[in-house]
Student: 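One structure, pasted below without further comment.
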Amino acid sequence: MDEPTGTFWWLAGLGNVLVWARLRALDSGAAEVFAADGRTLLFDSADAARAALLDAEFRAFDGLDPADADALGFDLREVAPPRADDDAQLLPLMTQALQRAN
């Protein structure tokens, strides 16, 4: 069975900050993860990339429901993966401060 290719967004909560990671599953079967520190990590497969993200306590953004988002401290309707024309412009958007009610 072939793995889906494409771009998948993952996130982790760190205090009042969301940290994003972009997983790209490539046609070759390999995968790369662009991390919030600007590194692009290469993996033999998308499964290996997902396992590494899970080990680092990231969660797939497309798998979150409102209760998951609430547990991470944000409203799912108010958060979306960052967008930019290239990785250099994307890098400062890979962390996002949360506005929390006191």
Side-chain angles (χ1 to χ4, degrees):
M1 182 168 132
D2 291 332
E3 288 190 57
T5 59
T7 300
F8 306 92
W9 286 95
W10 288 66
L11 58 81
L14 184 63
N16 288 338
V17 176
L18 288 180
V19 180
W20 292 94
R22 181 192 66 207
L23 184 156
R24 283 191 177 152
L26 308 174
D27 290 335
S28 67
E32 60 184 30
V33 172
F34 182 64
D37 63 5
R39 294 182 300 156
T40 299
L41 308 169
L42 303 176
F43 295 89
D44 291 337
S45 68
D47 279 343
R50 284 189 290 272
L53 288 164
L54 287 169
D55 284 347
E57 299 187 15
F58 278 79
R59 301 180 69 176
F61 181 71
D62 65 355
L64 294 179
D65 64 26
D68 295 328
D70 188 53
L72 289 167
F74 68 91
D75 185 330
L76 192 57
R77 297 168 297 186
E78 296 176 3
V79 170
R83 300 182 100 181
D85 291 333
D86 59 41
D87 287 353
Q89 293 176 358
L90 184 61
L91 182 57
L93 306 174
M94 295 292 285
T95 57
Q96 180 178 354
L98 295 173
Q99 302 297 320
R100 296 191 186 219
N102 293 338

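Note: hydrogens, waters and symmetry copies are ignored here, and every other heavy atom, side chains too, is used. Note that the structure is predicted; figures quoted are calculated from it, not measured.
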Student: Using a 4.5 Å cut-off on heavy atoms from C-beta on, say whether the side chain of Phe58 contacts that of Leu23.
Tutor: no
Student: Is there a side-chain contact between Leu18 and Leu98 in this structure, where contact means two heavy atoms from C-beta onward sitting under 4.5 Å apart?
Tutor: yes
Student: Work out which heavy atom in Val33 is nearest to a heavy atom in Ala21; give both atom names and the distance.
Tutor: CG1-CB, 4.1 Å
Student: Closest heavy-atom contact between Ala36 and Thr95?
Tutor: CB-CG2, 4.1 Å
Student: ring-ring contact (aromatic ring centres under 6.0 Å, His included) with Phe8: which residues, sequence neighbours excluded?
Tutor: none
Student: State, with a plain yes or no, whether a side-chain heavy atom of Gln96 is found less than 4.5 Å away from one of Pro82.
Tutor: no
Student: I'd like to check the side-chain contact (heavy atoms from CB on, under 4.5 Å) partners of Pro81; sequence neighbours left out, ordered by chain and number.
Tutor: Trp9, Trp20, Phe61
Student: If hydrophobic clusters are built from ILVMFWY residues whose side chains come within less than 4.5 Å, do Leu91 and Leu11 share one?
Tutor: yes
Student: What are the two closest non-hydrogen atoms of Leu93 and Ala84, and how far apart are they?
Tutor: CD1-CB, 4.3 Å
Student: Strictly by salt bridge (charged side-chain N to carboxylate O under 4.0 Å, His left out), give each pair with a member in residues 4-17 just once, sequence neighbours left out.
Tutor: none
Student: Please check if Met94 and Leu64 belong to a single hydrophobic cluster, counting links between Ile, Leu, Val, Met, Phe, Trp and Tyr side chain heavy atoms closer than 4.5 Å.
Tutor: yes
Student: Sequence neighbours left out, what passes side-chain hydrogen bond (donor to acceptor under 3.5 Å, both in side chains) with Asp70? Give chain and number order.
Tutor: none
Student: Taking only residues two or more places apart in sequence or in another chain, which ones pass side-chain contact (heavy atoms from CB on, under 4.5 Å) with Ala35?
Tutor: Asp37
Student: Which residue pairs pass the side chain to side chain donor-acceptor pair (under 3.5 Å) test with at least one member in residues 83-93, sequence neighbours excluded?
Tutor: Arg22-Asp87
Student: Compare all side-chain heavy atoms of Arg39 with those of Phe34 and state whether any distance is below 4.5 angstrom.
Tutor: no
Student: Partners of Leu14 by side-chain contact (heavy atoms from CB on, under 4.5 Å), sequence neighbours excluded?
Tutor: Val19
Student: What pairs of residues pass the side chain to side chain donor-acceptor pair (under 3.5 Å) test when at least one of them lies in residues 53-66, not counting sequence neighbours?
Tutor: Arg59-Asp68
Student: What residues, two or more places apart in sequence or in another chain, satisfy side-chain contact (heavy atoms from CB on, under 4.5 Å) together with Ala48?
Tutor: Phe43, Ser45
Student: Could you report the tightest heavy-atom contact between Ala31 and Ala25, atom names first, then the distance?
Tutor: CB-CA, 4.3 Å
